[in-house]
Amino acid sequence: MLKRTQYCGKVNEEYIGKTITVYGWVNRKRELGGLTFIDLRDREGIIQVVVNESFSDPKSIKKIGNEYVISATGKVIARSNPNPDIYTGKIELVAESIEILSVSEVPPFYPESNKDVSDELRFKYRYIDLRNQQMQENFRIRSRVAMVARNYLADRGFLEIETPILSKATPEGARDYLVPSRVYKGKVFALPQSPQLFKQMLMVSGFERYFQLAKCFRDEDLRADRQPEFTQIDIEMSFTEPEELFEIIEGMVKEIFALTGKTIQTGFRIMPYDEAMNDYGSDKPDLRIPYKIKDFTEEVKRFNSAILNGIIENNGKIKALVLPDAAQYSRKVLDDINNYIKEIGGKGAIWIKNTENGFKASIKAEASDIEAFYKDNNIAPDHIVFLIGEVPEKALFLAGKLRERLGASFMDKNRLEFLWVVDFPMFFYNEDEQRFDSNHHPFTSPNLDELDKLDTDPISVKSIAYDIVLNGIEIGGGSRRINDIELQRKVFQLLKFSDTEIEEKFGFFVNALRFGAPPHLGIALGLDRIVMLLTGGDSIREVIAFPKTTSSLCLLSGSPSEVADKQLDELGIQVKK
RNA sequence: GGGGUCGUAGUUCAGUUGGUUAGAACGCAUGCCUGUCACGCAUGAGGUCGCGAGUUCGAGUCUCGUCGGCCCCGCCA
């Protein structure tokens with residue numbers, strides 16, 4: 001085999017007159033009788049190879065099919081009719097010899113057309129899908145993001161330290177993936193949901209600044225932005241405050257986004273959780289959408305609507321979304337909106353607008369009252385009002401979902417709206433279990449000024465936790481950790497862990513707090529989501545080489561799969577069917 | 001666990017009210033073609049209508065179940 005001279009996609013005018021050898025896949029072949037063009041593709045791009053009368057064995061070209069792997073050797077010449085669309089368009093390679101390195105059956109689809117093919121097929125033949133230029137670019141960017149993160153953090157004194165993949169099951173949080181132990185029958189390892197406790201113990205060990213590109217595993221149902229295994233840029237540091245962490249993360253995010261030529265302004269907006277929920281109905285608001293949720297609980301009383309008044313009397317609130325261009329909301333669109341609210345658990349959305357026949361609403365209301373309502377609340381006559389009446393949290397949730405759904409058409413999709421959401425409640429009440437649950441995780445420090453309220457009014461206590469949000473997607477989250485063993489015990493107790501449970505589940509970690517745990521805090525950023533946003537994709541599957549489907553299957557390898565009884569025997573496992 | 005949507009040629013899709021031999025485009029094969037770059041022209045091959053039941057004289061079409069893709073709710077400390 002002749003040595004490769006250059007990538008197909010990198011051959012330009014400087015090579016004119018030189019004899020070179022390139023390797024690649026046949027992207028497309030065009031036969032014109034005695035003249036054949038082969039577009040040869042490698043990871044850098046495509047070069048046109050010409051086979052003309054000077055070629056020794058024209059018949060051998062006939063059998064070369066698309067996606068064959070070949071090498072081509074010959075002289076580079078200037079094209080008489082250049083192709084301005086590609087980098088190599090000014091030149092072509094006149095083949096002197098061509099070697100077939102590997103044949104290909106007719107593929108189920110061609111890499112360049114992977115967008116026109118079902119996801120099912122793309123997953124099954126992922127190795128072909130990944131030949132697509134955009135896919136290649138996605139993984140190039142992913143690699144560079146990882147590199148930038150490593151260099152950036154290393155420059156600031158962070159050490160990359162690996163933590164175990166085979167580890168201990170955690171009692172709350174997501175469902176664990178379990179790995180049975182052969183040596184200790186009936187006992188299992190768990191794959192880490194995150195390296196949380198290990199990184200905290202590295203702080204106890206005195207490393208002060210840790211990071212890791214950590215694989216995490218959570219056995220929960222999937223979404224476009226959720227896979228059972230995913231990668232976090234995991235960070236932990238001692239002897240500092242959140243402000244310094246914010247600065248470090250913002251600087252890193254800035255460098256990461258610079259990779260694709262995007263300039264971002266650091267000093268991200270910081271928004272309390274309560275404000276996010278109140279104004280946007282979400283703890284990860286998409287600030288590209290220029291509308292906030294309004295509260296019209298008082299204002300709608302003038303309609304004397306039995307429905308609305310009934311909701312209000314039952315401690316409900318009337319949350320509202322006011323959007324421009326009421327005319328575009330046809331009967332069908334309004335029905336769709338109403339159905340959407342029902343789908344996500346609401347009773348429906350009430351609309352109010354000005355029509356050719358005057359002010360109208362989907363509830364009974366006097367036109368004059370509606371007109372006065374518009375006037376008093378400074379609502380432009382051509383705007384539509386959606387009302388959602390429910391108990392407050394639900395009303396906000398539903399209005400928030402509606403805001404995201406309807407607001408998308410009013411926003412500049414190219415903007416990057418970063419923000420920190422802070423001051424999360426420490427706990428929320430778990431109705432099913434009749435107890436408090438951690439909002440973040442049980443190692444999160446409560447606001448140190450509110451410790452006295454832990455006993456009297458725990459639900460009101462805020463934690464020192466923070467999420468970083470970009471365009472409505474949570475790209476990371478973290479907190480200050482508890483480094484005081486008594487406070488940690490207290491929080492466990494509030495979460496209704498018995499002493500035995502604490503000892504069994506977290507004993508090893510609580511022990512670490514006994515031997516000089518420094519104040520520390522940290523964060524984890526979702527690498528997959530960041531790369532997805534960077535590459536303009538709408539699913540993290542586009543930036544994970546071998547992803548699972550929505551039902552957690554790997555269509556390429558056929559996993560999960562059954563194993564031989566012998567393997568199960570060795571593990572002391574019997575399978576229920 | 002729940003809701004929505006989709007599954008027909010290698011691929012993307014069409015397929016009327018249930019009715020003869022299931023179509024198109026691209027791809028593929030063969031032939032022609034010396035400047036193409038989505039080459040062109042001609043000819044041809046290619047179907048378990050996801051799978052299984054049921055209704056019917058007759059099912060791609062209707063019903064039930066099941067498997068799979070995607071989106072969403074729950075879930076995801």
Side-chain angles (χ1 to χ4, degrees), chain A residues 27-40 46-55 58 62-63 65-67 77 79-86 88-89 92 94 105-110 112-125 128 170-176 193-194 196-197 216-228 230 336 339-346 397-398 401 404-405 424 426-428 430 432 436-444 463 465 474 477-479 491 495 524 526 538-539 541 547-553 555 558:
Chain A
N27 197 60
R28 206 180 273 276
K29 193 173 74 162
R30 292 177 295 280
E31 287 182 273
L32 286 74
L35 186 66
T36 300
F37 297 100
I38 295 171
D39 289 340
L40 195 62
I46 288 174
I47 189 173
Q48 175 163 285
V49 177
V50 194
V51 181
N52 60 24
E53 77 284 345
S54 69
F55 193 73
K62 188 81 188 157
K63 65 181 181 216
N66 290 333
E67 298 305 311
I77 61 164
R79 284 206 211 177
S80 50
N81 42 356
N83 178 351
D85 296 334
I86 60 174
T88 62
E92 62 190 359
V94 182
E105 291 179 20
V106 176
F109 62 93
Y110 287 115
E112 62 186 2
S113 64
N114 74 339
K115 285 286 163 287
D116 302 326
V117 167
S118 72
D119 288 331
E120 199 170 352
L121 208 64
R122 291 178 60 200
F123 293 145
K124 186 169 176 192
Y125 299 97
I128 294 173
T170 46
E172 62 172 297
R175 230 171 264 122
D176 285 313
Q193 294 177 29
S194 81
Q196 185 60 36
L197 294 179
C216 305
F217 306 87
R218 294 178 191 176
D219 187 4
E220 295 294 346
D221 290 338
L222 310 186
R223 291 284 191 282
D225 61 353
R226 271 162 38 188
Q227 282 273 303
F230 59 98
D336 285 348
N339 286 335
Y340 174 66
I341 295 297
K342 286 178 179 165
E343 267 169 36
I344 59 177
F397 168 78
L398 296 171
K401 289 282 184 191
E404 276 168 27
R405 189 184 168 100
F424 283 82
M426 182 80 183
F427 306 105
F428 65 93
N430 184 330
D432 297 338
F436 295 115
D437 265 353
S438 293
N439 210 328
H440 192 60
H441 58 57
F443 319 105
T444 300
S463 64
E474 180 194 328
S479 64
V491 170
L495 296 171
D538 48 15
S539 165
R541 287 185 298 260
K548 306 279 189 291
T549 66
T550 320
S551 49
S552 290
L553 296 173
L555 294 182

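Since the model is a prediction, treat every value here as computed from it, not as a measurement. Residue numbering restarts at 1 for every chain, and letters A, B, ... go by the order of the sequence lines.
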Original post:
With sugar-phosphate meaning primed atoms plus P, OP1 and OP2, does R28(A) contact a base, only sugar-phosphate, or nothing at under 4.0 Å between heavy atoms?
Top reply: sugar-phosphate

Subject >> Proximity to the side chain of N81(A) - top-ranked nucleotide from rU36(B), rG69(B), rU34(B) >> reply: rU36(B)

**OP:** Sort out the partner of rG60(B) for me: Watson-Crick or G-U wobble, both distances under 3.5 Å, none otherwise.
**Re:** none

Original post:
NA contact type, F123(A), heavy-atom cut-off 4.0 Å: base, sugar-phosphate, or nothing?
Top reply: sugar-phosphate

Original post:
Rounding to the closest angstrom, what is the interatomic distance between rC67(B) and rG27(B) at atom C1'?
Top reply: 28 Å

Subject >> D221(A) and R226(A) ion-paired at < 4.0 Å >> reply: no

Original post:
Which atoms form the tightest heavy-atom contact between M426(A) and T444(A), and what is the distance?
Top reply: CE-O, 3.1 Å

Original post:
What's the CG-C1' distance between L35(A) and rU36(B), to the nearest Å?
Top reply: 7 Å

**OP:** Compare the minimum distances between each of rU34(B), rG69(B), rC37(B) and the side chain of D39(A), then state the nucleotide with the smallest one.
**Re:** rC37(B)

Original post:
Can you tell which of rC76(B), rC37(B), rG27(B) lies closest to the side chain of Y110(A)?
Top reply: rG27(B)

Original post:
When the P atoms of rU8(B) and rA45(B) are considered, how many whole Å apart are they?
Top reply: 23 Å

Original post:
Is any side-chain nitrogen or oxygen of R30(A) closer than 4.0 Å to OP1 or OP2 of rU36(B)?
Top reply: no

Subject >> Whether over 12 other heavy atoms sit under 6.0 Å from K63(A) NZ >> reply: no

**OP:** Name the closest nucleotide to the A224(A) side chain, picking from rU36(B), rC71(B), rG69(B).
**Re:** rC71(B)

Original post:
Is N83(A) touching bases, backbone alone, or none of the nucleic acid, heavy atoms closer than 4.0 Å?
Top reply: base

Original post:
Which listed nucleotide (rU12(B), rC37(B), rG69(B)) is nearest to the side chain of V117(A)?
Top reply: rU12(B)

Subject >> Nucleotide nearest D221(A) when distance is taken to its side chain, options rC75(B), rC76(B), rG69(B) >> reply: rC75(B)

Original post:
For rG18(B), which nucleotide is its Watson-Crick or G-U wobble mate, given both distances must be under 3.5 Å?
Top reply: none

Original post:
Which atom pair, heavy atoms only, marks the closest approach of C216(A) to Q193(A)?
Top reply: CB-O, 3.2 Å

**OP:** Please work out if E31(A) contacts a base, only the sugar-phosphate, or nothing of the nucleic acid, heavy-atom cut-off 4.0 Å.
**Re:** base

Subject >> Rounded distance in Å between the C1' positions of rG15(B) and rG47(B) >> reply: 14 Å

Original post:
Mapping P442(A) and R541(A) to their closest nucleotides on RNA chain B, which lands nearer the 5' end?
Top reply: R541(A)

Subject >> rU66(B) to rG7(B) separation - C1' atoms, rounded to the nearest Å >> reply: 14 Å

Original post:
Rounded to whole angstroms, how far apart are CG on L32(A) and P on rA38(B)?
Top reply: 13 Å

Original post:
rU11(B), rC33(B), rG35(B): which one has an atom nearest the side-chain heavy atoms of F37(A)?
Top reply: rG35(B)

Original post:
Is any side-chain N or O of T550(A) closer than 4.0 Å to OP1 or OP2 of rG69(B)?
Top reply: no

**OP:** Step through the shown structure and confirm whether more than 12 heavy atoms of other residues, nucleotides or ligands are within 6.0 Å of NZ on K124(A).
**Re:** no

Subject >> Pair assignment for rC13(B), Watson-Crick or G-U wobble, requiring both distances under 3.5 Å >> reply: rG23(B)

Subject >> Length of the CG-C1' vector between D85(A) and rU36(B), whole Å >> reply: 14 Å

Original post:
Atom CD of E220(A) and atom P of rG74(B): how far apart are they, to the nearest Å?
Top reply: 13 Å

**OP:** Whole angstrom is fine here: how far is it from CG in L222(A) over to P in rG1(B)?
**Re:** 13 Å

Original post:
Which one, rG69(B), rC39(B), rG35(B), comes nearest to the side chain of T549(A)?
Top reply: rG69(B)

Subject >> Phosphate OP1/OP2 of rG69(B) contacted by S551(A) side-chain N/O (<4.0 Å) >> reply: yes

**OP:** Tell whether R405(A) reaches the base of rC72(B) with its side chain through a donor-acceptor pair below 3.5 angstrom.
**Re:** no

**OP:** Looking only at non-hydrogen atoms, find the nearest pair between L495(A) and F436(A) and report the distance.
**Re:** CD2-O, 3.6 Å

Original post:
Roughly how far apart, to the nearest Å, are rA25(B) and rG40(B) at atom P?
Top reply: 13 Å

**OP:** Give one of base, sugar-phosphate or nothing for D437(A), where a contact means two heavy atoms less than 4.0 Å apart.
**Re:** nothing

Original post:
So which one's nearest nucleotide on RNA chain B is more toward 5', R223(A) or I86(A)?
Top reply: I86(A)

Original post:
Looking only at atom P, what distance separates rC72(B) and rU17(B), rounded to whole Å?
Top reply: 34 Å

Subject >> Among rA38(B), rC75(B), rG35(B), the nucleotide that comes nearest once only the side chain of R175(A) is considered >> reply: rC75(B)

**OP:** Select base, sugar-phosphate, or nothing to describe what D219(A) touches, counting heavy atoms under 4.0 Å on all strands.
**Re:** nothing

Original post:
Do K401(A) and L398(A) touch side chain to side chain, with heavy atoms closer than 4.5 Å?
Top reply: no

Original post:
Base, sugar-phosphate alone, or nothing: which one does E92(A) contact when heavy atoms must sit under 4.0 Å apart?
Top reply: base

Original post:
What nucleic acid atoms does F397(A) come within less than 4.0 Å of, heavy atoms only: base, sugar-phosphate, or nothing?
Top reply: sugar-phosphate

**OP:** Please work out if F443(A) contacts a base, only the sugar-phosphate, or nothing of the nucleic acid, heavy-atom cut-off 4.0 Å.
**Re:** nothing

Original post:
Expressed as a whole number of Å, how far does the C1' atom of rG50(B) sit from that of rG69(B)?
Top reply: 11 Å

Original post:
Which atoms form the tightest heavy-atom contact between E220(A) and R175(A), and what is the distance?
Top reply: OE2-N, 2.9 Å

Original post:
Looking for any heavy atom pair under 4.0 Å, which part of the strands does S194(A) touch: base, sugar-phosphate only, or nothing?
Top reply: base

Subject >> Base-pairing mate for rC70(B) - Watson-Crick or G-U, with both contacts under 3.5 Å >> reply: rG4(B)

**OP:** Select one nucleotide: of rC70(B), rU36(B), rC73(B), the one nearest the side-chain heavy atoms of K401(A).
**Re:** rC73(B)

Subject >> Quiz item: R226(A) side-chain donor-acceptor pair to rC76(B) base, under 3.5 Å >> reply: yes

Subject >> P-based separation of rC41(B) from rG46(B) [nearest Å] >> reply: 24 Å

Original post:
Just checking L121(A): base, sugar-phosphate only, or nothing, at a heavy-atom cut-off of under 4.0 Å?
Top reply: sugar-phosphate

**OP:** Please determine, for rA45(B), whether a Watson-Crick or G-U wobble partner exists with both distances under 3.5 Å, and give it or none.
**Re:** none

